[in-house]
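When reading the values below, keep in mind they use all heavy atoms of this one structure, side chains included, and skip hydrogens, waters and symmetry mates.
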Amino acid sequence: MTYPRTFSHIGLSVPNVTEAVKFYEDVMGWYTIMTPSDVVEDDSPIGVMCTDVFGPGWGKFRIAHMSTGDGIGIELFEFPNNETPEDNFEFWKTGIFHYCVQDPDIEGLVEKIVAHGGKQRMPIREYYPGEKPYRMVYCEDPFGNLVEIYSHSYELTYSEGAY
């Protein structure tokens, strides 16, 4: 029998890991577990693991570890020669295109994101207008990562099974 796995963490590539840590502390309230530090390609356990992941010749990068209020990990990576994509919203391409956080004060979090250099990508919308108070909005952090915000839990939002 297959049992439901829990979500451990997500890794985000950012242009400046120090600025990203400050943004996520100030705006999302996430905890810093490990301050930004350098990882280099060598024979240390972490160096060997990274060579397994990235292949030989990756050189070095900076990383920080954070945690959400419910213990989900956020890994922030700053790679040398990082590139900002021309279009960060190519949702039709496979892969991760956003992450979502939950906050009953959607307006307040949107204001903080915008005040700290992010963007609101759409108006705040209701899933079931006039029936249930479940709302959502897409934003963008200052590093180009898409952030969705829900007013209620994922389970409550989709418990009816259909729109």
pair [X]-[Y]: side-chain heavy atoms closer than 4.5 Å:
| X | Y | answer |
| --- | --- | --- |
| M136 | I124 | no |
| V39 | R62 | no |
| P123 | R125 | yes |
| D141 | I113 | no |
| F61 | C50 | yes |
| I63 | P36 | no |

Donor-acceptor pair, side chain of [X] and main chain of [Y], under 3.5 angstrom:
| X | Y | result |
| --- | --- | --- |
| T51 | G55 | no |
| E41 | G59 | yes |
| E78 | V17 | yes |

Might you point out which heavy atoms bring [X] and [Y] nearest each other, and give the distance in Å?
| X | Y | value |
| --- | --- | --- |
| Q120 | V137 | NE2-CG2, 3.9 Å |
| G69 | Y31 | CA-CE1, 4.2 Å |
| H9 | I72 | CA-CG2, 4.2 Å |
| D43 | V48 | O-CG2, 3.7 Å |
| T157 | H152 | OG1-O, 3.8 Å |
| I96 | H98 | CG2-O, 3.6 Å |

Which residue, D105, D26, V27, forms the side-chain contact (heavy atoms from CB on, under 4.5 Å) with K112?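 Testing each of D105, D26, V27 against K112, the sole residue satisfying side-chain contact (heavy atoms from CB on, under 4.5 Å) is V27.
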
Which residue, E148, E126, E107, forms the salt bridge (charged side-chain N to carboxylate O under 4.0 Å, His left out) with R135? E107

With no hydrogens and no angle check, just 3.5 Å: does a side-chain donor-acceptor pair link [X] and [Y]?
| X | Y | value |
| --- | --- | --- |
| Y158 | Y134 | no |
| Q102 | S153 | no |
| S67 | W30 | no |
| E140 | N145 | no |

Would you call the rings of F77 and F54 parallel, tilted or perpendicular, where under 30° means parallel and over 60° means perpendicular? perpendicular

Report the relative orientation of the aromatic rings in F143 and Y24; use parallel for angles under 30°, tilted for 30 to 60°, perpendicular for over 60°.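 F143 and Y24: tilted rings.
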
The test is side chain to side chain contact (heavy atoms under 4.5 Å, CB included); show your working for V101 and M28 and say whether it passes. CA-CA 9 Å; V101 297; M28 299 293 184; 4.2 Å; yes

Output the distance between atom CG (L109) and atom CD1 (I149), rounded to the nearest 0.5 Å.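 Between atom CG of L109 and atom CD1 of I149 there are 4.0 Å.
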
Rounded at 0.5 Å granularity, tell me how far OG1 in T68 sits from CZ in F7.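 Here the rounded value is 10.0 Å.
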
Between V21 and T35, does the side chain to side chain contact (heavy atoms under 4.5 Å, CB included) criterion hold? Intermediate values first, please. CA-CA 8 Å; V21 167; T35 59; over 6 Å; no

Pi-cation contact, F89 with R121 (under 6.0 Å, within 45°):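 Relative to the ring axis of F89, which defines the angle, R121 lies inside both limits.
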
Would a single hydrophobic cluster contain both L146 and L12, if residues Ile, Leu, Val, Met, Phe, Trp and Tyr are joined by side-chain heavy-atom contacts under 4.5 Å? yes

Could you pull out all residues at least two apart from D103 that satisfy side-chain hydrogen bond (donor to acceptor under 3.5 Å, both in side chains)? none

Salt bridge (Lys or Arg N to Asp or Glu O under 4.0 Å) between K22 and E19, intermediate numbers included: CA-CA 5 Å; K22 179 156 180 37; E19 290 176 9; over 6 Å; no

